[in-house]
Amino acid sequence: MLGVNPYVPSMSMFKKIPFSFIYQNCFRCSLLPFGTCYYHLFLKPVRISNVHVNYFAVDKTRNLSAVATAAKSTVNTSNSTNAMSNKARKKAHRESPESVLKYKLDMCSKHGKLVEALGLYEEGRSNGVTLKQHHYNVLLYLCAREASGDGVELKELGLKRGFEIFQKMVGDKVSPNETTFTSMARLAVAREDPDLAFELVKQMKSLGIPPKLRSYGPALFGFCEKGNAEKGYELDAHMAESGVTPEEPELSALLKVSADTKNADKVYDMLQRLRATVRQVSESTFQIIEDWFKSEDATKVGVESWDVNKIKKGVVDGGGGWHGQGWLGSGRWRVMRTKMTENGVCRCCGEKLVSIDIDPKETENFATKLTELACNREVKADFIRFQEWLQQHGPFDAVVDGANVGLIKADTFNFNQLNNVVNQLRQMSPSKRSPLVILHQGRVTNGPARNPNNRNWLDSWKRAGALYATPAGSNDDWYWLYAAVSCKCLLVTNDEMRDHLFQLLGTSFFPRWKEKHQVRLSMTRLGLSLHMPPPYSIVIQESESGSWHVPTIADDDLLNPRQWLCVGRTRNKS
């Protein structure tokens with residue numbers, strides 16, 4: 001453990017961070033009374049590289065940038081002169097000391113060069129450059145980055161200078177933001193002080209700065225690594241109060257510290273939360289779960305008899321796949337890694353997994369959210385026109401992401417394989433109707449679309465009311481996704497739907513919907529083969545008899561089945 005640096009503030013200095021300047025700059029009337037801040041704590045000089053620097057010694061009047069010079073120049077009323085003035089002002093701003101320093105620090109951040117950034121910082125201060133929030137945040141980020149690393153010298157440098165720079169930021173009356181606090185929380189944990197990191201998050205909230213998940217991460221992982229489960233649970237509760245939802249890394253850390261401290265009830269709770277929010281787990285979480293069930297502590301928990309009707313009711317009320325009534329059974333757990341058959345039957349215990357239904361109301365709400373997002377990012381009139389077209393020509397049994405299908409294993413757009421997929425889907429359709437093909441306007445009119453055979457296919461889909469060409473400049477992802485959701489039908493695409501567009505949906509409903517509706521494709525010697533959605537839900541499942549099945553996150557290799565953890569034991573039911 002690193003010794004306490006005499007130049008690093010102690011925990012007491014952060015009990016009430018002295019941001020009195022925040023009241024003047026951005027949080028007037030929204031925080032505690034002015035008198036509750038202790039700004040004077042930071043008025044003392046700080047020793048940096050054996051040189052005493054007073055916070056208020058910087059002569060800010062020395063920042064005589066070209067912007068000020070440009071502002072004094074006479075402005076001509078002609079358009080050409082105004083244009084030149086604007087150009088000159090932009091050039092002056094770009095070449096100002098503040099902007100030049102910002103650019104250089106950004107480059108240091110991009111390449112992880114802390115020492116170079118600190119040199120630029122010292123040079124800037126000595127030249128009277130006024131440092132702003134972004135300058136300080138880049139420096140603090142680099143300090144926290146190195147302080148959290150493995151290099152001893154850079155770790156110590158990052159810790160020492162990080163706290164010093166933060167004090168300078170406060171002394172310069174530069175308002176902190178969420179990024180500032182997150183970097184400071186990382187520095188605190190690097191100093192093996194998760195309590196300080198937690199206090200910083202609390203300060204954020206009191207100052208009206210909403211914490212993010214990354215703000216809580218350093219303190220949470222710090223508590224869990226130290227085995228301080230109770231503090232971890234306290235922080236978890238604070239996250240819930242702030243409306244911040246933990247993801248797999250945070251839940252996995254809480255799961256491990258619960259198992260390590262033999263808190264079986266919390267282990268059960270974390271498994272249920274992983275089931276509800278994560279569904280499929282990474283290999284590291286998979287290993288934690290496997291180790292728990294193999295432990296002696298897991299052997300000691302559970303009941304030998306239970307109310308079967310109560311368990312059944314819990315399964316029904318929960319929508320299927322879990323009951324949430326606690327550990328069932330007694331004795332040692334049987335733990336095996338296994339795979340499922342195509343029908344969802346466990347190859348180890350023979351138990352059939354269930355398909356968890358989706359609430360129709362959830363689908364309706366999801367379609368509404370999709371419409372709002374699409375209308376905000378597409379030309380609203382274009383998307384509304386598509387909705388009207390869909391209402392007139394739908395519903396469909398399947399929607400095809402034409403661009404994705406036509407480019408699978410192809411250098412140029414392949415209409416032949418798109419037509420083969422359309423024909424397969426038509427044969428599968430109860431009504432023998434063609435699926436809806438979504439293609440961008442350019443795909444319908446240019447390039448391979450001019451080939452006579454391809455033109456015939458396009459014309460036939462159009463006559464059947466089964467082709468929609470999205471307008472130029474649009475993102476066809478919105479169109480095929482909305483069509484599949486609103487028609488409650490299959491969606492044929494190999495698109496993983498993980499990019500920024502789909503992250504905007506921000507809901508646990510989307511992966512559940514995708515699992516039940518996405519048809520994937522693989523290339524065989526006979527052409528593209530369709531892989532229908534599984535007839536069971538790929539999610540952590542807890543059976544009525546108390547057994548568990550836990551799926552791993554799988555790569556998109558359709559020929560390599562997903563691995564599952566099958567867990568059960570001898571029981572006495574009543």
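For this chain, numbers begin at 1 and follow the sequence in order.
D193 places no side-chain N or O within 3.5 Å of a backbone atom of A188 that could act as its donor or acceptor partner. A donor-acceptor pair under 3.5 Å links the side-chain atoms of E542 to the main chain of G324, judged by distance alone. Listed for the W333 side chain is a donor-acceptor partner under 3.5 Å among the backbone atoms of A298. Under the 3.5 Å distance criterion, the side-chain polar atoms of E290 are left unmatched by any main-chain donor or acceptor of V335. Panel note: side chain Q518, backbone D495; a donor-acceptor pair is recorded below 3.5 Å. With hydrogens and angles disregarded, no donor-acceptor distance shorter than 3.5 Å links the side chain of E250 to the backbone of G217.
Summarising the geometry of W327 relative to V267, their closest heavy-atom pair is CZ2-CG1, 4.0 Å, with the distance given to 0.1 Å. Residues T552 and R562 come closest through the heavy atom pair O-NH1, 2.8 Å. Between S258 and K266, the shortest heavy-atom contact is OG-CB, 3.4 Å. Nearest approach of C108 to L142, heavy atoms of both residues: O-CD2, 3.8 Å. Listed here is the closest heavy atom pair of S474 and E378: CB-OE1, 2.9 Å. Here the shortest heavy-atom pairing between L490 and A484 reads O-CB, 4.4 Å.
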#### Entry: side-chain contact (heavy atoms from CB on, under 4.5 Å) between K516 and S355, worked out
CA-CA 9 Å; K516 296 182 90 60; S355 177; 2.5 Å; yes

### Steps toward salt bridge (charged side-chain N to carboxylate O under 4.0 Å, His left out) verdict (K155, E192)
CA-CA 12 Å; K155 183 182 181 73; E192 299 187 16; over 6 Å; no

### Query
Could you go step by step and tell me if F166 and Y136 meet the ring-ring contact (aromatic ring centres under 6.0 Å, His included) rule?
CA-CA 8 Å; F166 178 65; Y136 280 113; 9.3 Å; no

### Query
Going through the distances and angles, do Y482 and L373 end up as a side-chain contact (heavy atoms from CB on, under 4.5 Å)?
CA-CA 11 Å; Y482 175 80; L373 286 169; over 6 Å; no

### Message
side-chain contact (heavy atoms from CB on, under 4.5 Å) for D269 and L254? Distances and angles first, verdict last.
### Response
CA-CA 10 Å; D269 177 49; L254 288 167; over 6 Å; no

### Task
Let me see the working for L157 and E146 under side-chain contact (heavy atoms from CB on, under 4.5 Å), right down to the final yes or no.
CA-CA 8 Å; L157 178 66; E146 295 299 343; over 6 Å; no

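Contact check on K231 versus D195 returns a salt bridge, with a Lys/Arg side-chain nitrogen under 4.0 Å from an Asp/Glu carboxylate oxygen. Salt-bridge check for K110 with D106: failed, with every basic side-chain N at 4.0 Å or more from each acidic carboxylate O. Ion pairing of K202 with E234 is present here, as a side-chain N (NZ or NE/NH1/NH2) and a carboxylate O approach within less than 4.0 Å. Salt bridge K361/E364: present, at least one basic N to carboxylate O contact under 4.0 Å. Salt bridge annotation for R377-D477: absent, with no cationic side-chain nitrogen under 4.0 angstrom from a carboxylate oxygen.
Applying salt bridge (Lys or Arg N to Asp or Glu O under 4.0 Å) to R279 and the options E247, E515, E248 leaves one that passes, E515. Among the candidates L140, L139, V138, the single residue satisfying the side chain to side chain contact (heavy atoms under 4.5 Å, CB included) test with S183 is L140.
Side chain to side chain, T179 and R214 meet the donor-acceptor criterion of an N or O pair below 3.5 Å. No donor-acceptor contact under 3.5 angstrom links the side chains of H323 and E544, judged on distance only. The closest side-chain donor-acceptor pair between T180 and N177 falls under 3.5 angstrom. With hydrogens and angles left out, the side-chain atoms of D291 and Q287 include a donor and acceptor closer than 3.5 Å. Under 3.5 Å, the side chains of K262 and S295 contain no donor-acceptor pair of N or O atoms. Donor-acceptor pairing under 3.5 Å is recorded for the side chains of T493 and D401.
Rounding to the nearest 0.5 angstrom, the gap separating the NZ atom in K212 from the CZ atom in F181 is 14.0 Å. How far CD1 of I540 is from CD1 of I289: 5.0 Å, rounded to the nearest 0.5 Å. Distance OG1/T363 to CG/L370: 11.0 Å, rounded to 0.5 Å. In this structure, NE2 on H135 lies 9.0 Å from OG1 on T130, to the nearest 0.5 angstrom. To the nearest 0.5 angstrom, L235 atom CG is 10.5 Å from F221 atom CZ. In this structure, the separation between OH on Y536 and CE on M340 is 7.0 Å, given to the nearest 0.5 Å.
Proximity of L481 to F510: side-chain heavy atoms (C-beta onward) are separated by under 4.5 Å at one or more points. Residues E156 and V152 meet the side-chain proximity criterion, which asks for heavy atoms closer than 4.5 Å. Side-chain atoms of V174 and K168, non-hydrogen and from C-beta on, never get closer than 4.5 Å to each other. A 4.5 Å side-chain heavy-atom check between E116 and K104 finds every atom pair outside the cut-off. Using a 4.5 Å heavy-atom cutoff, the side chains of L196 and L187 are not in contact. The shortest distance between side-chain heavy atoms of L213 and M239 falls below 4.5 Å. Using a 4.5 Å cut-off on side-chain heavy atoms (C-beta onward), Q167 and V170 make no contact. Taking 4.5 Å as the limit, some side-chain heavy atom of E98 sits within range of a side-chain heavy atom of V129.
Ring pair F383/F386 is tilted by interplanar angle, where 30° to 60° counts as tilted. The aromatic rings of Y268 and W548 stand perpendicular to each other, their planes meeting at an angle above 60°, with 30° marking the opposite boundary.
The number of heavy atoms from other shown groups lying within 6.0 Å of CD (E153) does not exceed 12. More than 12 heavy atoms of other shown residues, nucleotides or ligands fall within 6.0 angstrom of atom CG in N376. Residue M107 places its CE atom among more than 12 non-hydrogen atoms of other residues, nucleotides or ligands, all under 6.0 Å distant. Annotation for K312: atom NZ does not count as buried by contact number, only 12 or fewer foreign heavy atoms lying within 6.0 Å.
Remark: R191 is positioned above the aromatic ring of F163, its terminal NZ or CZ atom under 6.0 angstrom from the ring centre and at most 45 degrees off the axis.
Applying the ring pair (Phe, Tyr, Trp, His ring centres under 6.0 Å) definition to pairs two or more places apart or across chains, those involving residues 194-214 are F198-H238.
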